[in-house]
Amino acid sequence: MKYKINALIYYDATDGAISLEKERVDTHLSITANALLFYFIQHPGVVNRDEVLKRVWDDNGLVSSNSNLNQYLSLLRKTFRHYGIENIIVTIAKGRLEFNPDISVELIDDSTLLPSTQTNEETPILVKDENQIAVETTTPLSLTQTQTPAVSTQEDAPQKTQKPEICWYLASIGFLLGAVFLTVIIFFNQHQSKPISLTPLTHNDCELLSNEAMINSAVSDNYVRNFDAVRKKLNLQCVKGERFVFFYGDKLQTNGLGRVFLAHCAKNEDNPFSYCDNYFYYSWKY
């Protein structure tokens, strides 16, 4: 099914394609995000979060959680914000949700693609002649003909020597020993991953973190100053409930900041990094 949202945006529910022009695709939603948007379009009005989790996640064999729902709601809002639509999904009191009633949705194509098996089954009904009857009658003969050599080869098998069987046994043993050897090597060379500790930095407006372990007051001031420069360049605002992780490589700043990484993350319930927008620059220069 295809829809026209706000008389401007084309949305194809079959593959999650979104575009401003009918024949060109600008964005493709993920499978879960597409299913979530299609559910809200099919169910206008206020809906309960539990019903959304059941219909979009549980009924499709997926693990449902409020964290997953909040993440995909944020993704849909961010996607349509690029097309000038704010809050395509609205949060109502007591955690209920609703497709924004101020946004118009027009069904422009309700056709769906038929499975290929259906088209193949209809062909013999449309064409039923003598040639087709001949094919049907000769098919069992061809099957019996192909089975005959198989019987003869099974009868001749005991007459063969046992040398090929011994080779197969030796090859299987060699393969098993090689697999055990590789497993032992991988087990002893495996390194346990360690979580990265983040150092909080003092900032007037933002919650700022860094992966640097040793940061004194002078380095902290440079970090905050350079963070503000990068953040303002990217037009990012400090909002309550959101945090930033910042890193730059060239501490001497001989030629800019070098490699720069900035993560803009949203907190949700017990997860401090529920959803993050990441920015990486190989060489940042003012």
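Remember, it's a predicted structure, so these values are computed and weren't measured experimentally. The first residue in the sequence is number 1, and the count goes up from there.
- In terms of modelled atom types and a separation under 3.5 Å, the side chain of Asn100 and the main chain of Asp102 share a donor-acceptor contact.
- In this structure, OG1 in Thr27 is found 8.0 Å from NE2 in His82, a value given to the nearest 0.5 Å.
- The shortest side-chain heavy-atom distance between Val230 and Leu236 does not fall under the 4.5 Å cut-off.
- A donor-acceptor pair under 3.5 Å is absent between the side-chain atoms of Arg77 and the main chain of Asn87, judged by distance alone.
- Residues Tyr279 and Asp277 have side chains in contact (heavy-atom distance under 4.5 Å, counting atoms from C-beta outward).
- With hydrogens and angles left out, the side-chain atoms of Ser30 and Tyr72 include no donor and acceptor closer than 3.5 Å.
- Following chains of ILVMFWY side-chain contacts shorter than 4.5 Å, one can reach Phe187 starting from Val184, so the two form part of one hydrophobic cluster.
- Separation of atoms CZ (Phe181) and CD1 (Ile186) is listed at 10.5 Å; rounding is to 0.5 Å.
- Other residues, nucleotides and ligands contribute over 12 non-hydrogen atoms within 6.0 Å of the CG atom of Leu234.
- Ring geometry for Trp284 versus Tyr281: interplanar angle over 60°, hence perpendicular rather than tilted (30 to 60°).
- With a 4.5 Å cut-off on side-chain heavy atoms, Phe247 and Leu209 do not count as touching.
- The two atoms that bring Ser19 and Val25 nearest to each other are CB-CA, 3.8 Å, heavy atoms only.
- Nearest heavy-atom pair, Tyr83 versus Leu8, reported as atom, atom and distance to 0.1 Å: O-CD2, 4.3 Å.
- Distance check, rounded to the nearest 0.5 Å: CZ of Arg96 to CD of Glu98 gives 9.5 Å.
- Using modelled atom types and a 3.5 Å distance limit, the side chains of Asp58 and Ser64 yield a donor-acceptor pair.
- In summary, the side chains of Asn70 and Arg49 do present a donor paired with an acceptor at a separation below 3.5 Å, with no hydrogens or angles considered.
- In this structure, OG in Ser74 is found 7.0 Å from CZ in Arg81, a value given to the nearest 0.5 Å.
- Under a hydrophobic-cluster definition in which Ile, Leu, Val, Met, Phe, Trp and Tyr are linked whenever side-chain heavy atoms come within less than 4.5 Å, directly or via other members, Leu73 and Ile31 are assigned to different clusters.
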Trace of the side chain to side chain contact (heavy atoms under 4.5 Å, CB included) decision for Thr32 with Leu62:
CA-CA 10 Å; Thr32 303; Leu62 303 175; 4.2 Å; yes
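- Residues Ile88 and Phe40 have side chains not in contact (no heavy-atom distance under 4.5 Å, counting atoms from C-beta outward).
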For Phe227 and Cys206: C-alpha separation, side-chain torsions, deciding distance, then whether side chain to side chain contact (heavy atoms under 4.5 Å, CB included) applies.
CA-CA 10 Å; Phe227 162 72; Cys206 300; 4.2 Å; yes
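- In this structure, Thr14 and Met1 have side chains that are not in contact, with every pair of non-hydrogen atoms separated by 4.5 Å or more.
- Between the side chain of Asn6 and the backbone N or O of Ser104, at least one donor-acceptor pair lies under 3.5 Å.
- The CD atom of Gln71 sits 9.0 Å away from atom CG of Asn271, with the distance rounded to the nearest 0.5 Å.
- Residues Glu207 and Arg243 are paired through a salt bridge, judged by an N-O separation under 4.0 Å between the basic side chain and the carboxylate.
- Counting heavy atoms from C-beta on, the side chains of Thr199 and Asn211 never come closer than 4.5 Å.
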Using the rule given for side chain to side chain contact (heavy atoms under 4.5 Å, CB included), can you reason through Val105 versus Lys4, listing the C-alpha separation, both sets of side-chain angles and the distance that settles it, and then say yes or no?
CA-CA 6 Å; Val105 178; Lys4 199 171 185 180; over 6 Å; no
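- Counting only N and O atoms by type, the side chains of Asp109 and Tyr10 include no donor and acceptor under 3.5 Å apart.
- Here the side chain of Asn60 pairs a donor or acceptor atom with the backbone of Val56 at under 3.5 angstrom.
- Summarising the local packing, CZ of Phe273 is surrounded by more than 12 heavy atoms from other residues, nucleotides or ligands at distances under 6.0 Å.
- Ring centroids of Tyr248 and Tyr223 are separated by less than 6.0 Å, placing the two rings close together.
- Under the 4.5 Å side-chain heavy-atom criterion for ILVMFWY residues, a single connected hydrophobic cluster contains both Ile41 and Leu76.
- Between Phe246 and Phe261, the gap from one ring centroid to the other reaches at least 6.0 Å.
- Counting all heavy atoms, side chain and backbone alike, Gln237 lies closest to Arg231 at CA-NH1, 4.2 Å.
- The distance from atom CG of Leu262 to atom CG of Asn226, rounded to the nearest 0.5 Å, is 12.0 Å.
- Under the 6.0 Å cut-off for aromatic ring centres, His43 and Phe99 do not qualify, their centroids lying 6.0 Å or more apart.
- Side-chain atoms of Asn34 come within 3.5 Å of backbone N or O of Ala13 as a donor-acceptor pair.
- For the residue pair Leu97 and Ile92, the shortest heavy atom distance occurs at C-CG1, 4.3 Å.
- Under the 4.5 Å side-chain criterion, counting only non-hydrogen atoms from C-beta, Leu29 is in contact with Leu37.
- Without hydrogens or angle criteria, Asp26 side chain to Leu20 main chain gives a donor-acceptor distance under 3.5 Å.
- Cluster membership check: Phe80 does not share its hydrophobic cluster with Val90, using side-chain heavy-atom separations under 4.5 Å among Ile, Leu, Val, Met, Phe, Trp and Tyr.
- No side-chain N or O of His264 forms a donor-acceptor pair with one of Asn278 less than 3.5 Å apart.
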Stepwise, does the side chain to side chain contact (heavy atoms under 4.5 Å, CB included) test hold for Tyr39 with Glu51?
CA-CA 10 Å; Tyr39 174 81; Glu51 181 65 18; 3.3 Å; yes
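- Within the 4.5 Å cutoff, side-chain heavy atoms of Leu69 are placed close to those of Leu36.
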